[in-house]
S.K.: 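My structure is below; once you've seen it, I'll send some questions.
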There are 2 protein chains.
Amino acid sequence: MPSRSVAYRTKKGWTAVEPRKRLIEAGLDLFGKYSFDGVSTRMLAEQAQVNLAAITYYFGGKEGLYLAVADHIVEQVDGVIGPQLAKVQKALKKKTLDKEQSFSLLSELLEFLITRFLGAPQTDKWLGIIVREQLSPTKAFDVLFEGFMRPLENALFGLAARIVAPGWDDQDVKLRVFAIMGEIQIFHISPSAIKRSLNWEGYEPENLDAIRRVIMDNLKGIFTMSLNDSYPVSDRGGRAEKRLPADTASRRKREVSDAIP
Amino acid sequence: MPSRSVAYRTKKGWTAVEPRKRLIEAGLDLFGKYSFDGVSTRMLAEQAQVNLAAITYYFGGKEGLYLAVADHIVEQVDGVIGPQLAKVQKALKKKTLDKEQSFSLLSELLEFLITRFLGAPQTDKWLGIIVREQLSPTKAFDVLFEGFMRPLENALFGLAARIVAPGWDDQDVKLRVFAIMGEIQIFHISPSAIKRSLNWEGYEPENLDAIRRVIMDNLKGIFTMSLNDSYPVSDRGGRAEKRLPADTASRRKREVSDAIP
DNA sequence: CTTTATGAAACAAACGATTGACTTACCACA
DNA sequence: TGTGGTAAGTCAATCGTTTGTTTCATAAAG
């Protein structure tokens, strides 16, 4: 039997890439561009240079392929940020990790996210699916979130928590992490608007550099204040107010829609 | 003949809302939830309690309805931010507008965007369409961008430019505006992830307040430095470097995809 | 009597999925 | 070293359904 996991030789003599991989590649591209419903099985089969029946054969159907694509995204993203994340996780286990080191690691991680994910053609394909899943989650959102979003967030949360003063509210720290992530995300999500306003053709290296500088500057503004132990948070109602522990209280009963609409 | 633009009395005796309006309302809801391709004309007709043929009759087809929905969004958004925007535009015409006043106006505008747009059920419906249009623009993106995104951006740019020191690069100012807008946008775009991480049920008033505090804090961090005329921008290549005027150089030849895929 | 509006039925096209015949690769057994 | 059987994979054709749109009859209003 022809193996499912190696390249093989067709009767015409080609050494073709597996249909499986070609379908995932096509799905990555088309689902990212046009959303799940915007893509037909025939489009997928044609782009993958594969027979229509192959989708059912390998993935059980269109939805199965979609979930396989989500898995693939997790693998790919993990391949990119995995080492960086492991480095942070290792550092976070040390008790000796101080504020300056944490801030340095955080900067490094964020710069890494900017330079490696912004403007890279491959990662752009992932983003369409990721963003759409955030807007209206399907089964695939679980895959993405638990696959790399949660680990990434935890690393960011962990570093941020070590930067700010001990009294800080846990929720406030997370919100600041989201804020800084938002500064990066907007360049992913709104490239159309940004390019229009700045007369950019795309995210050229010098443009990326400008983005990186601005975000890194803002990062200092967001977290630097606590580097010298001051606490200059403005007009907040009660600072470091008591909050229920996240694990016990009101654990959200999630309901990810089972059916892809 | 029954007018096209006022409520009328059906043969059953109801004073029904116009089919036109009901279709736009349904389109707003469904397109926002499921994207253009994720919605069928039959879903639209049923939700609007309207005959299937009414879509063609009033809008020429599904795509026409979609564009009408985009127009409707522009109207609605403009109704909300219009007065605020007019206030800013008026202030920007004054030569006497100084940094502090500009910063105050900017804060006010951003706080307005947070409190009026985040977590409001109505505005949530707009967002699905807006974000999807940014990811893969169709004809509707032009409507949205020129309708309210460009004016809003210009107001923000104008205020920001008056806050920073005169030597600042125009592009840098805009990037900082995008950054702060990203801090707001992420709470629109990634509610699923944010709620998961913070164990929030939704954007309750106290949660919104926490978000507002954090973003306003960061706004200070981003622009405050220039309020006291310092220029503490880190390791940037050449500050206030010469740039080509936006109007003459490399005016981007935009190509918004004409066909909705 | 024309215009505007609504409705049920039907249209061709495209949809996701399945069928059944076919080829290929592998292996047990002669 | 052949050989037949079995499973894996490919393919064109076709399934029943849903898609967006159209048709045509009818009703109401000017």
Side-chain angles (χ1 to χ4, degrees), chain A residues 1-24 26-27 30-31 34-69 138-139 258-261, chain B residues 1-24 26-27 30-31 34-69 138-140 259-261:
Chain A
M1 67 171 161
S3 165
R4 281 202 182 190
S5 49
V6 282
Y8 65 99
R9 177 166 294 270
T10 68
K11 56 181 171 184
K12 291 160 207 158
W14 300 344
T15 309
V17 188
E18 287 181 80
R20 218 189 143 78
K21 287 188 179 176
R22 289 211 305 272
L23 272 173
I24 287 182
L30 294 174
F31 286 137
Y34 307 121
S35 86
F36 181 83
D37 297 293
V39 178
S40 70
T41 51
R42 284 166 179 82
M43 288 168 70
L44 291 161
E46 192 189 7
Q47 172 139 343
Q49 291 277 52
V50 149
N51 189 272
L52 188 57
I55 296 174
T56 313
Y57 183 76
Y58 284 102
F59 303 100
K62 187 187 177 186
E63 187 177 333
L65 171 56
Y66 184 71
L67 289 172
V69 168
T138 69
K139 286 178 186 171
D258 271 9
I260 295 177
Chain B
M1 64 164 167
S3 165
R4 281 205 185 191
S5 51
V6 280
Y8 64 99
R9 178 166 294 270
T10 67
K11 57 181 170 182
K12 292 161 205 157
W14 301 345
T15 309
V17 188
E18 286 182 80
R20 219 189 140 76
K21 286 188 179 177
R22 288 212 304 272
L23 272 172
I24 287 182
L30 294 174
F31 287 138
Y34 308 120
S35 88
F36 181 82
D37 297 293
V39 178
S40 70
T41 52
R42 282 164 180 85
M43 287 169 68
L44 290 161
E46 192 189 7
Q47 172 138 342
Q49 290 278 49
V50 150
N51 189 275
L52 191 56
I55 295 173
T56 314
Y57 183 76
Y58 285 103
F59 303 99
K62 185 186 177 187
E63 186 175 336
L65 171 56
Y66 184 71
L67 289 172
V69 168
T138 69
K139 287 177 187 168
I260 294 178

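From a predicted model like this one, the values you see are computed outputs, not experimental measurements. All chains are named by letter (A, B, ...) in the order of the sequence lines, taking the proteins before the strands, and each is independently numbered beginning at 1.
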S.K.: Find the distance between OG1 (A:Thr41) and CG (A:Leu30) and round it off to the nearest 0.5 Å.
M.R.: 11.5 Å
S.K.: Respond yes when some side-chain nitrogen or oxygen of A:Tyr57 is under 4.0 Å from OP1 or OP2 of C:dT18, and no when none is.
M.R.: no
S.K.: Write down the distance between OH (A:Tyr58) and P (C:dA17), rounded to a whole number of angstrom.
M.R.: 17 Å
S.K.: Take atom CE of B:Met43 and atom P of D:dT19, then tell me their distance rounded to the nearest Å.
M.R.: 8 Å
S.K.: What one-letter contact string describes nucleotides 13-18 of chain D from 5' to 3', where B marks a base within less than 4.0 Å of any protein heavy atom, S marks contact via sugar-phosphate atoms alone, and - marks no contact?
M.R.: ------
S.K.: Nearest whole Å is fine: how far is C:dA14 P from A:Asp37 CG?
M.R.: 18 Å
S.K.: Side chain of B:Lys62 only, heavy atoms from C-beta on: which candidate in D:dG20, D:dG9, D:dT22 is closest?
M.R.: D:dG20
S.K.: Measure from CD on B:Gln49 to P on C:dA5 and round the result to the nearest Å.
M.R.: 20 Å
S.K.: About how many Å separate CZ of A:Phe36 and NZ of A:Lys62, when rounded to the nearest 0.5 Å?
M.R.: 4.5 Å
S.K.: Separation of B:Leu65 atom CG from D:dT21 atom P, in whole Å?
M.R.: 10 Å
S.K.: Any idea which of D:dT10, C:dT6, C:dA17 is nearest the A:Thr56 side chain?
M.R.: C:dA17
S.K.: Quickly work out the B:Phe59 CZ to D:dG20 C1' distance and round it to whole Å.
M.R.: 16 Å
S.K.: Can you sort out the partners of A:Gln47 under side chain to side chain donor-acceptor pair (under 3.5 Å), two or more places apart, ordered by chain and number?
M.R.: A:Asp29
S.K.: How long is the straight-line distance from CD1 of A:Ile55 back to OH of A:Tyr66, given to the nearest 0.5 Å?
M.R.: 15.0 Å
S.K.: How many whole angstroms separate atom CD1 of B:Ile55 from atom C1' of D:dT19?
M.R.: 12 Å
S.K.: Please tell me if the side chains of A:Leu65 and A:Tyr58 come closer than 4.5 Å, counting only heavy atoms from C-beta onward.
M.R.: no
S.K.: Round to the nearest Å and state the distance from A:Lys21 atom NZ to D:dG9 atom P.
M.R.: 14 Å
S.K.: Using side-chain heavy atoms (C-beta onward) and a distance below 4.5 Å, is A:Leu23 in contact with A:Phe59?
M.R.: yes
S.K.: Nearest heavy-atom pair of B:Ala26 and B:Leu44: which atoms, and what distance?
M.R.: CB-O, 3.9 Å
